[in-house]
There are 2 protein chains.
Amino acid sequence: MTEPILRGDRSAACDELFKALSDGTRRTILEYLVREGEQSVHALTAVSGVSQPMVSRHLGKLKRASLVTARRSGRETYYTARAKGLAPIVRWMAVYGALWSQRFTALEGLDAY
Amino acid sequence: MTEPILRGDRSAACDELFKALSDGTRRTILEYLVREGEQSVHALTAVSGVSQPMVSRHLGKLKRASLVTARRSGRETYYTARAKGLAPIVRWMAVYGALWSQRFTALEGLDAY
DNA sequence: ATGAACCATAACCAATGGGTTATGGGATAG
DNA sequence: CTATCCCATAACCCATTGGTTATGGTTCAT
């Protein structure tokens, strides 16, 4: 097709992150890790509503997106939510939230900015 | 499988949003709309690097995610970025960012919170 | 040494998704 | 009226993905 004149992306990290967060099960797992702290795959399986292999794969994607870290201890693997993981999309939203704010002066009660 | 004991999600809006933002082309289009304001499909096609039907479909998904609005005028359809669209995930990140901040006191220079 | 527990990977399936070209319909220009 | 432009939808292709069950490798307990 036509040339991609606009190349405003350049951020593969955001791709990874948004894709990782776009699945409900994955968000559920991540939220649980954030709230309850480090958990084994076993514990997460009991809580996530899907099979253990699926939990492992979800954790793999979260890890590739730098949203969790893994620590192996004996036969168990403990996963922990990684605070800095959200940074790229926080930054992305800061940039475009700011542009939005500039353009539309009436934000109609959009808080959290 | 086991029962989904943890039901911390309940937010289909975040699903829609994260999924919409997880594609680079879609973010490119959205960023362009944010920066340049209302644009026709024609203009977006010239700039996005993909075919016109694909632009239409991407815009459809952005619209379903409430990230853009459409205004038809004659034979052209003008799309506009919708400021409030990001609100649900801003809120989501505020909640889990806050929990994260509580749990890990050392944020290691994560700004934008 | 055996067996059980925990985890990861493989093999497979149905569904979704990004991409294309082709088509059709409404609005505008000549 | 006809041709053209703009957009959306359809039909199709291939890659990815969420899910499953089956398997294999470690580690722990007995």
(message) Would the distance check show the side chain of Arg26(A) and the main-chain N or O of Lys19(A) forming a donor-acceptor pair, the cut-off being under 3.5 Å?
(response) yes

(message) Check whether Arg72(B) reaches the backbone of Thr77(B) with its side chain - one donor and one acceptor, N or O, closer than 3.5 Å.
(response) no

(request) Treat each ILVMFWY residue as a node, draw an edge where side-chain heavy atoms are under 4.5 Å apart, and state whether Met54(A) and Val47(A) are in one component. (result) yes

(message) Under the rule for side chain to side chain donor-acceptor pair (under 3.5 Å), what residues qualify as partners of Arg75(B), not counting sequence neighbours?
(response) none

(request) With rounding to the nearest 0.5 Å, note down the distance linking CG in Leu62(B) to CG in Leu33(B). (result) 8.0 Å

(message) From C-beta outward on Pro53(A), which listed nucleotide comes closest to its side chain: dA10(C), dA10(D), dG19(D)?
(response) dA10(C)

(request) Calculate, to the nearest 0.5 Å, the distance between atoms CG and SG belonging to Asp23(A) and Cys14(B) respectively. (result) 12.5 Å

(request) May I ask you to evaluate whether Tyr79(B) reaches the phosphate of dA8(D), defined as a side-chain N or O under 4.0 Å from OP1 or OP2? (result) yes

(message) What is the distance, to the nearest angstrom, from the CG atom on Leu21(B) to the P atom on dG17(C)?
(response) 15 Å

(message) Let me confirm one number: the CD1-NZ distance from Ile29(A) to Lys61(A), rounded to the nearest 0.5 Å.
(response) 12.0 Å

(message) Tell me whether the side-chain N/O atoms of Ser51(B) come closer than 4.0 Å to OP1 or OP2 in dG18(C).
(response) no

(request) Mind calculating the distance between OH (Tyr78(B)) and P (dA27(C)) to the nearest angstrom? (result) 14 Å

Listed pairs, N/O of protein and of nucleotides 24-30 of chain D, under 3.5 Å:
none

(message) Within residues 54-64 of chain B, which residues have any heavy atom lying less than 4.0 Å from an atom of DNA chain C?
(response) Met54(B), Arg57(B), His58(B), Lys61(B)

(message) In this structure, how many angstroms lie between the P atom of dT21(C) and the CD atom of Gln52(B), rounded?
(response) 12 Å

(message) dC6(D), OP1 or OP2 - any side-chain N/O from Thr77(B) closer than 4.0 Å?
(response) no

(message) Is there a side-chain contact between Thr25(A) and the phosphate of dG19(D), meaning an N or O under 4.0 Å from OP1 or OP2?
(response) yes

(message) Both Arg26(A) and Val41(B) contact DNA chain D. Which one's nearest nucleotide lies toward the 5' end?
(response) Val41(B)

(request) Nearest 0.5 Å please: distance from the CG atom of Leu59(A) over to the CD atom of Gln52(A). (result) 10.0 Å

(request) Specify the separation, in whole Å, of atom CG of Asp15(B) and atom P of dG17(C). (result) 11 Å

(message) Distance check needed: dC7(C) C1' versus Gln39(A) CD, whole Å only.
(response) 16 Å

(request) Take the protein atom CD1 of Ile29(B) and the nucleotide atom C1' of dC7(D), then report the distance between them rounded to whole Å. (result) 14 Å

(request) To the nearest 10°, let me know how far the axis at one end of the helix from dA1(C)-dT30(D) to dG30(C)-dC1(D) is tilted from the axis at the other, five pairs an end. (result) 10°

(message) If I take atom OG1 from residue Thr25(A) and atom CG from residue Leu30(A), how far apart are they, to the nearest 0.5 angstrom?
(response) 12.5 Å

(message) Please enumerate all residues that pass side chain to side chain donor-acceptor pair (under 3.5 Å) together with Glu16(A), with sequence neighbours excluded.
(response) Arg64(A)

(request) Tell me, please, which residues at least two apart from Phe18(A) pass ring pair (Phe, Tyr, Trp, His ring centres under 6.0 Å). (result) Trp92(A)

(request) Would you sort out whether Leu44(B) and Val41(B) count as a side chain to side chain contact (heavy atoms under 4.5 Å, CB included), showing the intermediate values? (result) CA-CA 5 Å; Leu44(B) 292 173; Val41(B) 176; 5.7 Å; no

(request) Would you kindly give the CG-to-C1' distance between Asp23(B) and dT17(D), to the nearest whole Å? (result) 15 Å

(request) Find the distance Phe18(A):CZ to dG17(C):P and express it as a whole number of Å. (result) 17 Å

